[in-house]
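Predicted, not measured: the structure shown is a model, and the values here were computed from it.
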Amino acid sequence: MTQKIRTLAMLAFASLVLLSACTQKSQEVSLQVKTEYGILEGFEENGVKKFLGIPFAQAPVGDLRWKAPTPPLPWEGIREAKQFGNDPMQPNIFGDMSFRGPARSEDCLYLNVWTTAKTTTDALPVLIYFNGGGLMAGSGSEPRYDGSAIAKEGVIGVTANYREGIFGFFAHQELTKEGEHKTSGNYGFLDQVAAIQWVKENIAAFGGDPKRITIVGESAGSFSVSLLMCSPLSKDLIAGAMLSSGAEVLPYKPQTQDVADSLGMALLKQAGIESLADAREIDADSLQKLLPPKGMASVVLDGYFMKESPDAVFEKGQQAHVPLLAGWNSLEGHPAQALQGQAPTLHNYKNAMKPVFGSMTDEIFNAYGIATDADVLSQKGLDLASDLFTGFPTWKACDYHAKTSGKHVYRYHYMHPRPRVSAKMGDKTGALAGGVRDKTEEEKKAEAQQPAIAPGAVHSADIEYAMGTLDTNVYYDWQEEDYAISKLFLSYYVNFCKTGNPNGKGLPKWSPITKSNVNKAPYMKIDVESAEVISPEKENAYRTLEKFYRKK
């Protein structure tokens with residue numbers, strides 16, 4: 001081939017590449033999107049394109065109950081994606097949870113996409129939110145997780161359901177034997193992996209960048225995200241992670257497959273169900289009544305989803321090497337939970353905690369600065385109670401990640417309480433999942449004299465602020481300061497999804513935790529007056545609590 005012919009060939013090839021690129025750029029993200037499995041038709045509302053109720057796996061019913069998720073079946077023609085899919089099966093554990101799905105069903109493996117992309121080459125970053133609810137309740141249809149606000153800021157919002165309770169976290173010897181990977185018990189976590197994989201494969205059609213997927217969860221969703229960072233099935237699929245109140249590290253411990261299998265078999269026996277075959281024949285509603293969820297399930301060391309404990313993975317630096325943004329709230333727990341009606345004195349609080357802390361009770365109280373009766377109900381006492389629930393494990397995940405990942409960690413402490421419940425709600429008070437419940441007679445008497453506001457941000461109070469969804473929660477009397485905090489928090493989320501760094505113009509500076517400053521770790525205090533804080537006293541308290549947990 002002569003040089004002239006070679007040059008012409010190269011020019012022709014370059015022209016084809018350029019033509020292909022131009023053609024690709026001209027592909028509009030319309031209300032009809034072609035995925036790997038078929039065409040979806042969504043709708044547009046307030047400038048956001050919404051695609052709801054998208055199946056990311058086959059319905060886990062019949063023979064697929066208690067099996068790993070399988071890819072969805074392709075469909076012919078156009079599938080409407082204009083309403084949420086079914087919510088996961090769950091009893092009314094948190095009566096104040098608000099759902100938008102048509103029903104609760106085993107057939108629940110659906111996700112939702114909110115996008116403002118104009119073309120398929122916009123390559124917007126993506127946020128996938130996994131709901132909280134103790135792995136027993138919750139749904140991606142809950143209004144507080146709605147992706148509209150973050151989509152308007154240039155980040156594609158995604159929520160995804162996963163199996164919960166007995167349907168998502170039941171292990172049994174026979175299930176382990178018959179499973180493709182000889183495992184059982186982690187079905188809900190495998191659903192989350194499948195959702196991330198679906199997004200990875202299909203989000204470009206919605207104008208998203210499959211290389212920029214950030215995952216976030218609150219409470220049980222946050223515990224899940226910490227596991228997804230460690231699992232060999234998912235850790236290479238993500239570009240960033242955010243933890244909101246929880247991580248599956250110290251003091252939480254996984255179960256071996258043998259132990260999980262034994263517990264599952266005992267559970268059937270206690271319920272009077274003679275065999276796994278019989279359990280599979282029971283309809284979902286009846287099965288849930290026979291085997292109601294009993295609290296957050298432990299991850300199973302099944303050799304597939306999770307090969308080692310998350311602590312071991314983090315310690316070795318084998319987790320996803322991605323930026324991490326993580327934090328928890330100022331009122332995750334309360335000393336009253338330990339005092340059980342006793343007066344909030346130092347003496348009573350120490351006596352209540354001695355069965356937990358034993359010989360380290362005085363050392364731990366000293367580390368937290370709880371030295372007087374007044375300290376018990378101060379932020380010092382709230383910090384200790386909160387750390388025993390979600391604060392410490394979230395801190396420890398940050399500590400591990402800063403030391404072993406080589407990536408920046410941004411930690412926060414969310415302080416702002418929700419405002420009072422709106423007067424139009426009548427005799428209602430705030431409840432755990434962001435809704436309301438009836439006031440007790442004692443609460444009515446107390447509030448008749450002084451309407452109460454919680455002394456801090458209770459568990460889950462951050463969600464609507466961080467996701468910019470205050471207006472979806474009609475129960476509270478939101479004020480200007482609430483909207484200002486929400487704007488700040490959402491901006492941090494948006495920037496982190498876009499760049500792996502929450503900082504941006506006009507925002508309080510937020511320094512990362514790295515291997516070099518981990519013992520003097522900065523964190524962002526998010527409140528009416530947000531500011532970066534460095535507190536050696538707090539770090540000492542966490543190290544003291546870690547010493548206790550490692551001695552156990």
Please tell me whether Ser148 and Asp146 have a donor and an acceptor in their side chains that are separated by less than 3.5 angstrom. yes
Student check: side-chain heavy atoms of Phe51 and Phe206 closer than 4.5 Å: yes
Is a side-chain donor or acceptor of Asn503 paired with a backbone partner of Trp510 at a separation under 3.5 angstrom? yes
Is it the case that the ring center of Tyr492 lies less than 6.0 angstrom away from the ring center of Tyr410? no
If the plane angle is over 60° it's perpendicular, under 30° parallel, otherwise tilted; pick one for Trp478 and Tyr465. perpendicular
Within the 4.5 Å heavy-atom criterion, are Ile150 and Leu490 side-chain neighbours or not? yes
When you compare the side chains of Gln257 and Asp302, does any donor N or O come within less than 3.5 Å of an acceptor on the partner? no
Distance-only polar pair, side chains of Arg144 and Asn131, donor-acceptor under 3.5 Å: no
Closest approach of Arg212 and Pro125, non-hydrogen atoms and distance? NH2-CD, 3.4 Å
Hey, could you give me the CZ/CG distance between Phe496 and Leu127, rounded to the nearest 0.5 Å? 10.0 Å
Counting heavy atoms not belonging to Lys200, are there more than 12 under 6.0 Å from its NZ? yes
Without hydrogens or angle criteria, can the side chains of Asp96 and Tyr475 be said to hold a donor-acceptor pair below 3.5 Å? no
For Asn202 and Trp198, indicate whether the former's side chain and the latter's backbone hold a donor-acceptor pair under 3.5 Å. yes
Any side-chain donor near an acceptor of the partner, Ser244 and Asp462, under 3.5 Å: yes
Take Lys253 and Ser298, measure what side-chain contact (heavy atoms from CB on, under 4.5 Å) needs, and give me the verdict at the end. CA-CA 7 Å; Lys253 295 181 179 179; Ser298 297; over 6 Å; no
Can a donor-acceptor pair be found between the side chains of Asp482 and His416 at a distance below 3.5 Å? yes
Donor-acceptor pair, side chain of Glu308 and main chain of Met306, under 3.5 angstrom: no
For the backbone of Ala336 and the side chain of His334, can you confirm whether one donor and one acceptor N or O come within less than 3.5 Å of each other? yes
Is Tyr549 close to Glu546 at the side-chain level, that is, under 4.5 Å between some pair of heavy atoms? no
Under the 3.5 angstrom rule, does the side chain of Thr116 hit a backbone N or O of Ala151 as a donor-acceptor pair? yes
Under 3.5 Å donor-acceptor, Trp114 side chain and Ala149 backbone: no
Under the salt bridge (charged side-chain N to carboxylate O under 4.0 Å, His left out) criterion, do Glu153 and Lys498 qualify, and how do the steps go? CA-CA 10 Å; Glu153 300 297 326; Lys498 290 181 176 180; 5.9 Å; no
Parallel, tilted or perpendicular, as decided by the 30° and 60° cut-offs, for the rings of Phe365 and Phe357: perpendicular
Donor-acceptor under 3.5 Å (Asp375 side chain, Ala371 main chain): yes
Could you tell me whether Lys525 atom NZ has more than 12 heavy atoms of other residues or ligands within 6.0 Å of it? no
Strictly by modelled atom types, are Ser226 and Glu248 linked by a side-chain donor-acceptor pair under 3.5 Å? no
Full working for salt bridge (charged side-chain N to carboxylate O under 4.0 Å, His left out) between Arg163 and Asp191: CA-CA 7 Å; Arg163 283 171 282 181; Asp191 294 341; 2.8 Å; yes
Salt bridge (charged side-chain N to carboxylate O under 4.0 Å, His left out), that's the test. Do Lys538 and Asp387 meet it? Break it down for me. CA-CA 11 Å; Lys538 279 186 177 291; Asp387 289 346; over 6 Å; no
Donor-acceptor pair, Arg411 side chain versus Gly327 backbone, under 3.5 Å? no
Of the non-hydrogen atoms in Val518 and Ile513, which two are nearest, and what is the gap between them? CA-CG2, 4.0 Å
Is there a donor-acceptor contact under 3.5 Å linking the side chains of Gln90 and Ser139? no
Closest heavy-atom pair, Pro417 versus Gly456, reported as atoms and distance to 0.1 Å, is CB-O, 3.3 Å
Would you sort out whether Thr404 and Gln319 count as a side-chain hydrogen bond (donor to acceptor under 3.5 Å, both in side chains), showing the intermediate values? CA-CA 9 Å; Thr404 66; Gln319 74 277 23; 3.0 Å; yes
For the student: nearest non-hydrogen atoms of Ala241 and Val322, plus distance: N-CG2, 4.1 Å
So that I know where these two stand, are Tyr412 and Tyr523 an aromatic pair - ring centroids less than 6.0 Å apart? no
Distance-only, no hydrogens or angles: does the Ser386 side chain make a donor-acceptor pair with backbone N or O of Glu332 under 3.5 Å? yes
Here's one to test your reading of the geometry: is the NZ or CZ of Lys396 within 45 degrees of the ring axis of Tyr400 and under 6.0 Å from its centre? yes
Ser184 versus Val300: any side-chain heavy-atom pair under 4.5 Å? no
Side chains of Asn92 and Arg104: do they bring a donor and an acceptor to under 3.5 Å? yes
Between Asp383 and Ser378, is there a side-chain heavy-atom distance shorter than 4.5 Å? no
Residues Lys211 and Ala239: closest non-hydrogen pair is O-CB, 3.4 Å
Are any side-chain N or O atoms of Asn495 and backbone N or O atoms of Ser491, one a donor and one an acceptor, separated by less than 3.5 Å? yes
Does the gap between the ring centers of Phe223 and Tyr252 come in under 6.0 Å? yes
Could you tell me whether the side chains of Ser219 and His459 share a donor-acceptor contact shorter than 3.5 Å? yes
In terms of side-chain heavy atoms, does Ser460 have a donor or acceptor partner in Glu218 at a distance below 3.5 Å? no
Set out, in order, the CA-CA distance, both residues' side-chain angles and the distance that settles salt bridge (charged side-chain N to carboxylate O under 4.0 Å, His left out) for Lys350 and Glu363, then state yes or no. CA-CA 11 Å; Lys350 276 193 174 183; Glu363 185 177 354; over 6 Å; no
May I ask you to check whether Glu532 and Ser511 show a side-chain donor-acceptor distance below 3.5 Å? yes
Which atom pair, heavy atoms only, marks the closest approach of Phe84 to Gly140? CE2-O, 4.3 Å
Verify side-chain hydrogen bond (donor to acceptor under 3.5 Å, both in side chains) between Arg543 and Asn519, making sure each step is shown before the conclusion. CA-CA 10 Å; Arg543 297 288 175 202; Asn519 291 318; 3.3 Å; yes
Looking at Tyr162 versus Tyr187, is the centre-to-centre ring distance below 6.0 Å? no
